[in-house]
Novice: 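The structure follows.
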Amino acid sequence: MANDEKYSHDFIREIINKDLKTKKNDSRVHTRFPPEPNGHLHVGHAKSICLNFGIAEEYNGKCNLRFDDTNPIKEGDEYVKSIIDDVGWLGFDWEDRIYYASDYFPQMYNYAIVLIKSGKAYVDDQNANEISYNRGTVNKSGKNSPYRDRSIEENLELFELMKKGYFKDGEKVLRAKIDMSHPNMNMRDPVMYRILHAYHHRTKDEWCIYPMYDWAHGLEDSIEKITHSICTLEFENHRPLYDWFLKELKIFQPQQIEFARLNLTYTVMSKRMLLELVNKNYVNGWDDPRLPTIKGMKRRGYSPASIRDFCRRIGVAKVNSNIPVDFLEHCVRENLNKTVPRFMGVLRPLKITIENYPNDLIDDMNVINNPEDANAGIRKVPFSKSLYIEQDDFMEYPSKKFYRLAPGREVRLVNAYFLKCNDVIKEGEITKELTCTIDHNTKGGNSPDGRKVKSTIHWVSLQKAIDAEVRLYDRLFTIENPTGKKGQDYKDFINSNSLKILKNCKIESAVSELKPFDRFQFLRKGYFCIDPDKNDKKLVINQTVELRDKWSKIKNN
RNA sequence: GGCCCCGUGGUGUAGCGGUUAGCAUAAGAGACUCUGGAUCUCUUAGCGCCAGUUCGAAUCUGGCCGGGGCUGCCA
């Protein structure tokens, strides 16, 4: 199965294939997704989620959802809930395997005692500044702590007192005894435990010492018998330490594998910046559709399938890359095109009156729901003497390449009639209304005489249209890499026009039946979804992404 | 100055000693179309550099150049 053509062949799967061949780990494949519950998930996490859960699926293995909650100061329950929601929404199943690093605190403590007893760990009384100073620099080796050679008995006693709360925050730490002149800074007697008299979202006040990432993470993986511990590139230099702890303890040793995290153009992905954008109200909350958060993408109308497809298609490697956000949008369009129904909505309405149509007649037209899906069927859409069409679909003095409606010109109203514009009613420079006629022989959209029109436009009955607020989103930043300009704050590049609200949109009434997060296409305009702000009085619609638009290129060239 | 990682079309990836260097996307041209959408066809475009090993190198070796990371009691 693992060798099947349909699966991608990245370097991680290559390692797994080799391990399977040599029957390493009894041919088990067991991964994990280990978020810290200190923020909301974003599309970068989605890449990791798809990788870890995807690999487990492909190899008939398992993937755990594990909260790496070793720092009570930053972490909280609300994030745990949010992460669980998001991973589930993306379409992955951890079955009963939802774990917390904090559940392993007692075991970690015991392992620390093992290390102390073997002379490989010691309690250090230096403060944070001293430790930092004595660690040296990348070019200068560090200095041994004056407390480095305490007796095992003293270390045991002190460590126990640390745990019992005899010391204040920062007064002591437990350190691994490795090598203060190691060329890898991580190996210069790294801190294993710090004292934090802080309330933990799960263990409450049970602990006042908390394990550091490097000490904890390998233990978590080992305890869960993870076979392949996949993380991002910045942990490459931590791998020797990861291995060192497990080897000293002589316990199960997973293999840490590092890959390049996802970067997307025109956005930021760091938790710190995302938090700042939210807290300082540059956006409206964690689920703002302009944000690359999972919640933002959900509200924007991105489907889980399209995000999964995107993550699969960008591949996984060790080169730092910056993926064009257009590619994400391409994946979204491709998925939505095939799966989502079409409706008609006029975003910027222009009234037209059909002179040769009965005043009171409202006739139902048969309109195709989705030309990409033969099973989607048709629906009835009311047609009447007065209609709204899109302002963009009319030009009084058409430019050369424009072939929509213009005075004297004929176009087709989708699934309705051929329409000809006769007069333009203006107030000053502004076009207020068009008077038109239809060819009654073209009902349904085709002419029996076989004549063609250049263009087909959408429409909504004036009497039957419903009003809606439509929110249009543009990229949040004005440059591809907002964090890449040295000396400049990423906030300097925030796009002040990233949100446009259209309040006077005229929508086909069937859209009012849709529920929040339902996705659809407004014919010829783009993909949209119902915003959760929708209520009985107000219909709110988000633009997910525009359709590809050749005309705008022609127009602007 | 130390240590670690990485260099294949514009972008993202495949390649595992012999391939017309594949795929996707972007760009350009055309066909088709009741969405200037979708679909289809074609075109442009790539192995960082220099040596070495070999009958043969994107692939193996060395050097160079370029990019990224590492000096939290964060993860």
Novice: What about A:R404: does its side chain form a donor-acceptor pair under 3.5 Å with the base of B:G36?
Specialist: yes
Novice: Report yes if the distance between the aromatic ring centroids of A:Y213 and A:F235 is under 6.0 Å, otherwise no.
Specialist: yes
Novice: Under 4.0 Å, counting only non-hydrogen atoms across every strand here, what does A:F67 touch: a base, just sugar-phosphate, or nothing?
Specialist: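 Contact class for A:F67: none.
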Novice: Please determine, for the side chain of A:N186, which listed nucleotide (B:U35, B:C6, B:C70) has the closest atom?
Specialist: B:C70
Novice: Which nucleotide in the list B:U71, B:G69, B:U25 gets nearest to the side chain of A:F327?
Specialist: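 Of the options given, the side chain of A:F327 lies nearest B:U25.
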Novice: Write down the distance between NZ (A:K318) and C1' (B:G12), rounded to a whole number of angstrom.
Specialist: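 Computing the A:K318:NZ to B:G12:C1' distance gives 18 Å.
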Novice: Listed in order of residue number, which residues of residues 371-379 of chain A have a non-hydrogen atom at under 4.0 Å from RNA chain B?
Specialist: A:P371, A:E372
Novice: Please collect all side chain to side chain donor-acceptor pair (under 3.5 Å) contacts where either partner lies in residues 315-327 of chain A, sequence neighbours excluded, each pair once.
Specialist: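 Output for this query lists A:E236-A:K318.
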Novice: Are the side chains of A:E36 and A:K271 in contact, using a 4.5 Å heavy-atom criterion?
Specialist: yes
Novice: Using the six-membered ring wherever Trp is involved, compare the ring planes of A:H200 and A:F105 and label them parallel, tilted or perpendicular (cut-offs 30° and 60°).
Specialist: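 A:H200 vs A:F105 ring planes: perpendicular.
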Novice: Under the salt bridge (charged side-chain N to carboxylate O under 4.0 Å, His left out) test, which residues partner A:D309, sequence neighbours left out?
Specialist: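 Checked A:D309 against salt bridge (charged side-chain N to carboxylate O under 4.0 Å, His left out); matches are A:R312, A:R313.
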Novice: Which pairs count as side chain to side chain donor-acceptor pair (under 3.5 Å) when at least one residue sits in residues 128-142 of chain A, sequence neighbours excluded?
Specialist: A:Q126-A:N134
Novice: Run the side chain to side chain donor-acceptor pair (under 3.5 Å) check on A:S229 and A:R32 step by step: do they pass?
Specialist: CA-CA 7 Å; A:S229 175; A:R32 102 264 94 115; 3.1 Å; yes
Novice: Take A:S132 and A:S455, find for each the nucleotide of RNA chain B with the closest heavy atom, and name the residue whose nucleotide sits nearer the 5' end.
Specialist: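 Residue closer to the 5' terminus by nearest nucleotide: A:S455.
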Novice: May I have the list of side-chain donor-acceptor pairs in residues 161-170 of chain A shorter than 3.5 Å, sequence neighbours left out?
Specialist:
residue	atom	partner	partner atom	Å
A:K164	NZ	A:E160	OE2	2.9
A:D169	OD1	A:H197	N	2.8

Novice: Side-chain N or O of A:R188 less than 4.0 angstrom from OP1 or OP2 on B:U71?
Specialist: no
Novice: Let's see if you can work this out: which of B:C74, B:U35, B:G72 has an atom nearest to the side-chain heavy atoms of A:K74?
Specialist: B:C74
Novice: Which residues, if any, of residues 137-148 of chain A bring a heavy atom under 4.0 Å of RNA chain B?
Specialist: A:T137, A:V138, A:N139
Novice: Counting heavy atoms from C-beta on, name the nucleotide in B:C4, B:U35, B:G28 closest to the side chain of A:N237.
Specialist: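 Of B:C4, B:U35, B:G28, B:C4 is nearest to the side chain of A:N237.
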Novice: With respect to the side chain of A:R524, which nucleotide from B:U35, B:U11, B:G69 is positioned closest?
Specialist: B:U35
Novice: Among B:C5, B:A75, B:U71, which nucleotide sits nearest the side chain of A:R194?
Specialist: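 Nearest nucleotide to the side chain: B:A75.
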Novice: Given B:U25, B:C5, B:U71, which nucleotide is nearest the side-chain atoms of A:E334?
Specialist: B:U25
Novice: Between residues 212-219 of chain A and RNA chain B, which residues have a heavy-atom gap below 4.0 Å?
Specialist: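 Listed by number, they are A:M212, A:Y213.
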Novice: Does the side chain of A:H217 pick up a donor-acceptor pair with the side chain of A:D68 at under 3.5 Å?
Specialist: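 Yes, side-chain donor-acceptor contact under 3.5 Å.
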Novice: Establish, with yes or no, whether the OP1 or OP2 oxygen of B:U33 is under 4.0 angstrom from a side-chain nitrogen or oxygen of A:T456.
Specialist: no
Novice: What are the residues of residues 258-272 of chain A, sorted by number, that bring a heavy atom to within less than 4.0 Å of RNA chain B?
Specialist: none
Novice: Between the base of B:U35 and the side chain of A:R342, is there a donor and acceptor pair under 3.5 angstrom?
Specialist: yes
Novice: Would you check, one step at a time, whether the test salt bridge (Lys or Arg N to Asp or Glu O under 4.0 Å) holds for A:R404 with A:D392?
Specialist: CA-CA 9 Å; A:R404 274 114 84 152; A:D392 284 353; 5.3 Å; no
Novice: If a pair means Watson-Crick or G-U wobble with both distances below 3.5 Å, what does RNA chain B look like in dot-bracket form, with | marking bases paired to a different strand?
Specialist: .((((((..((((....[...)))).(((((.......)))))....(((((..]....))))))))))).....
Novice: Would you please confirm or rule out a distance under 4.0 Å between OP1 or OP2 of B:A38 and any side-chain N or O of A:R333?
Specialist: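 So the side-chain polar atoms of A:R333 never come under 4.0 Å of the phosphate oxygens OP1 or OP2 of B:A38.
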Novice: Please identify each residue that fulfils ring-ring contact (aromatic ring centres under 6.0 Å, His included) with A:F67, with sequence neighbours left out.
Specialist: A:Y100
Novice: With no hydrogens and no angle check, do the side chains of A:E220 and A:Y99 hold a donor and an acceptor under 3.5 Å apart?
Specialist: no
Novice: Side chain of A:K550 only, please: which of B:C3, B:G37, B:C74 is the nearest?
Specialist: B:G37
Novice: Nearest-nucleotide wise, let me know which of A:S552 and A:I314 is further upstream toward the 5' end of RNA chain B.
Specialist: A:I314
Novice: Treating A:R519 as the side-chain partner and A:V340 as the backbone partner, does any N or O pair qualify as donor plus acceptor under 3.5 Å?
Specialist: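 Not at all, since once roles are kept as given, no pair shorter than 3.5 Å links the two residues.
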Novice: Mind checking what makes salt bridge (charged side-chain N to carboxylate O under 4.0 Å, His left out) contact with A:E75, not counting sequence neighbours?
Specialist: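 Expected list: none.
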Novice: Test A:E329 against A:R475 for salt bridge (Lys or Arg N to Asp or Glu O under 4.0 Å), laying out the working first.
Specialist: CA-CA 11 Å; A:E329 293 177 344; A:R475 1 213 85 144; 3.3 Å; yes
Novice: With sequence neighbours excluded, what pairs up with A:N369 under the side chain to side chain donor-acceptor pair (under 3.5 Å) test?
Specialist: A:R379
Novice: Is the phosphate of B:U25, meaning OP1 or OP2, less than 4.0 Å from a side-chain N or O of A:H330?
Specialist: yes
Novice: So, does A:W215 use its side chain to make a donor-acceptor pair with the main chain of A:V191 at under 3.5 Å?
Specialist: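 Flag not set: sc A:W215 to bb A:V191 has no pair under 3.5 Å.
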Novice: Of the listed nucleotides (B:G28, B:A38, B:C73), which one gets closest to any side-chain atom of A:N337?
Specialist: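 So the side chain of A:N337 is nearest to B:A38.
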